[in-house]
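Numbering starts at 1 and runs along the sequence shown.
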Amino acid sequence: MAFNYITAQEAAEMIKDGDSLGLSGFTAPGSPKVITEALAARAEREHEAGRPFKVNIFSGASTSDHADGVLSRANAINMRAPYQNLPDLRKRINAHDCHYFDRHLSEMAQEMRYGFYGKLDYAIIEAADINDNGEIILGCGLGNIPTYAMLAEKIFIELNEQLPKGLMGMHDVILLQDPPRRREIPIYAANDRIGSPVLKIDPAKVVGIVRTKSYDGVKPFTTPDEVSKQIGSNVVKFLVSEYLSGRLPKEFLPLQSGVGNVANAVLYDLGESKELPPFMMYTEVIQDAVLELMKKGKCTFASTCSMTFSDQTEETLFADLNFFHDKILMRPAEISNNPEVIRRIGVIAMNTALEADIFGGVNSTHVLGTKMMNGIGGSGDFTRNAFLSIFSCPSITKGGMISNIVPMVAHADHSEHSVDIIVTDQGIADLRHKDPVERAREIIDKCAHPMYRELLTDYLNLGKGGQTPHSLRAAFAFHNAFNETGDMRNTDFSKYC
């Protein structure tokens with residue numbers, strides 16, 4: 001079939017106010033770049049003319065400034081799911097200019113197939129190549145595009161000339177059946193391949209192909225600061241202890257790691273550990289540090305949904321693709337984040353928290369309980385089903401004006417039932433087989449910053465009995481003190497006695 005090559009502007013003109021778009025990719029890699037930019041420009045023209053123009057955006061996870069960024073600045077997003085991480089979109093969400101549905105990443109595709117979000121008008125797919133039969137070699141992120149491509153009435157392809165055709169074979173594309181016909185997912189080790197190396201679409205649905213030549217635009221992570229390094233060191237110290245004690249198998253277990261400087265610091269420290277054997281990863285995102293671990297032979301294989309590499313590291317990957325080709329496999333989000341697989345193969349989950357409370361609850365999403373930061377992402381998928389669930393965060397931020405260990409989290413994303421280990425720059429709290437008061441003492445003594453330990457102990461002593469001795473009047477005293485004075489150290493529990 002001969003495809004129609006069009007410009008990004010021509011594609012944008014076909015999209016109508018109120019349309020729903022499904023985007024390929026997972027984080028910046030694989031996300032569309034030029035059609036969404038043209039769509040933002042069109043939205044600005046429509047708004048200047050006094051006409052409404054907003055679309056609904058469904059993705060695999062976050063996207064990039066080429067998509068969420070420009071569309072947010074144009075106020076062109078009506079509804080957004082399942083995850084985001086850009087300041088411009090965050091402002092729209094917190095101002096209620098955009099309806100944001102924060103969903104577990106493993107659930108988004110199936111919820112679309114179940115019909116929870118209505119019809120999908122367009123899928124926009126970044127591709128390294130496409131043949132006349134509609135077989136697509138995808139880019140560096142997979143996300144939910146197998147489902148979006150199936151459901152969409154029409155499809156645009158962004159054919160990115162920066163992507164090598166040598167990516168062929170690095171994708172594992174599969175579409176799950178829905179209940180009651182769903183079968184088990186036959187992944188029994190992180191490196192099992194179960195699907196197709198290409199995404200197969202109906203060529204008749206392709207209304208246009210737009211040529212592009214753009215990198216993903218992922219910025220290099222900054223060198224970890226001393227706090228991040230200490231957190232990374234503490235996480236590795238804990239894993240070494242578990243391994244040497246025999247609570248982890250000799251071949252170790254696959255790792256999941258979140259995104260950011262702390263996650264990178266953990267991975268770099270793992271690469272330096274002489275006590276731990278080479279390992280595999282079963283995760284949603286791999287970052288720059290993973291390539292270094294592969295070069296050292298420390299990470300032997302990574303199953304992921306996205307290769308979220310900085311542009312410089314992506315160039316390194318493409319230049320040495322033969323070496324990395326069979327060490328990395330990209331899967332759809334409902335496979336990379338699937339609870340069934342995570343539980344079966346014993347993934348060790350390592351995620352970051354905004355704050356944790358003294359009884360083990362974790363807030364991953366809302367600053368001071370109200371302002372959305374990014375979203376829950378895949379942390380819930382992995383936390384609830386992991387062999388071990390580890391959360392990390394700095395003990396304090398803003399020079400000590402904020403304690404990230406608080407009496408009660410201001411927004412609960414992960415309950416104490418799902419959290420095994422909390423790590424800060426101060427130390428490691430092992431919450432396993434401990435009752436609520438024992439957990440509180442462990443977290444205060446080992447994870448809280450010294451400047452807050454007395455205050456947190458005072459709160460614990462306010463409790464009037466019960467298994468979890470919260471004081472409901474004083475539970476948010478830290479947050480109230482910050483809102484009133486700008487410093488949690490000004491908390492005064494005497495007013496709650």
Checklist line | Ile443 side chain reached by Leu431 side chain, heavy atoms, under 4.5 Å | finding: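 The answer is yes, as the side chains (C-beta and beyond) meet within the 4.5 Å cut-off.
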Next item on the list: Fit a plane to each ring of Phe58 and Tyr117, take the angle between them on a 0 to 90° scale, and name the class: parallel (under 30°), tilted (30 to 60°) or perpendicular (over 60°).
Entry: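 Taking Tyr117 first and then Phe58, their aromatic rings stand perpendicular (interplane angle over 60°).
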Checklist line | Donor-acceptor pair between Arg90 and Asn374 side chains, under 3.5 angstrom | finding: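 The criterion, which ignores hydrogens and geometry beyond distance, is satisfied for Asn374 and Arg90.
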Checklist line | 4.5 Å side-chain heavy-atom contact, Tyr215 and Glu315 | finding: yes
Note to self: Quick check: do Thr308 and Thr27 have side-chain heavy atoms less than 4.5 Å from each other?
What the structure shows: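 The answer is yes; the side chains approach within 4.5 Å.
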Checklist line | Cation-aromatic face contact Lys327/Phe323, 6.0 Å, 45 degrees | finding: yes
Checklist line | Charged N-O contact under 4.0 Å between Arg113 and Glu334 | finding: yes
Note to self: Main chain of Cys305, side chain of Arg331: is a donor-acceptor contact present, judged purely on distance under 3.5 Å?
What the structure shows: no
Notebook entry, point to check: Taking atom types as modelled and ignoring hydrogens, do the side chains of Asn351 and Gln256 form a donor-acceptor contact shorter than 3.5 angstrom?
Noted result: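 Result is yes, a qualifying pair exists.
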Margin query: Can you tell whether the side chains of Lys296 and Glu292 come within less than 4.0 Å, N to carboxylate O?
Written below: no
Notebook entry, point to check: Should Ser72 and Ile77 count as side-chain neighbours, where that means a heavy-atom distance under 4.5 Å?
Noted result: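 Ser72 vs Ile77: side chains touch.
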Checklist line | Validation row: Asn56, Leu21 side chains within 4.5 angstrom (heavy atoms) | finding: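 The answer is no; the side chains never approach within 4.5 Å.
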Notebook entry, point to check: Charged N to carboxylate O under 4.0 angstrom, Glu126 versus Lys33?
Noted result: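 Yes, Glu126 and Lys33 are salt-bridged.
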Notebook entry, point to check: Counting heavy atoms not belonging to Arg432, are there more than 12 under 6.0 Å from its CZ?
Noted result: yes
Note to self: Between the side chains of Asp172 and Arg193, is the shortest nitrogen-to-carboxylate-oxygen separation below 4.0 Å, so that they form an ion pair?
What the structure shows: no
Notebook entry, point to check: Is Arg441 atom CZ crowded by more than 12 heavy atoms from other residues, nucleotides or ligands, each under 6.0 Å away?
Noted result: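 It does not: Arg441 CZ has 12 such atoms or fewer within range.
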Checklist line | Heavy-atom side-chain contact between Val210 and Ile157 under 4.5 Å | finding: no
Next item on the list: Decide yes or no for Asp269 and Val266: does some side-chain heavy atom of the first lie under 4.5 Å from some side-chain heavy atom of the second?
Entry: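 Counting from C-beta outward, Asp269 and Val266 never come under 4.5 Å.
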Margin query: Tell me whether Glu438 at atom CD has more than 12 heavy atoms from other residues, nucleotides or ligands lying less than 6.0 Å away.
Written below: yes
Notebook entry, point to check: Hey, is Lys229 close enough to Asp425 for a salt bridge, meaning N to O under 4.0 Å?
Noted result: no
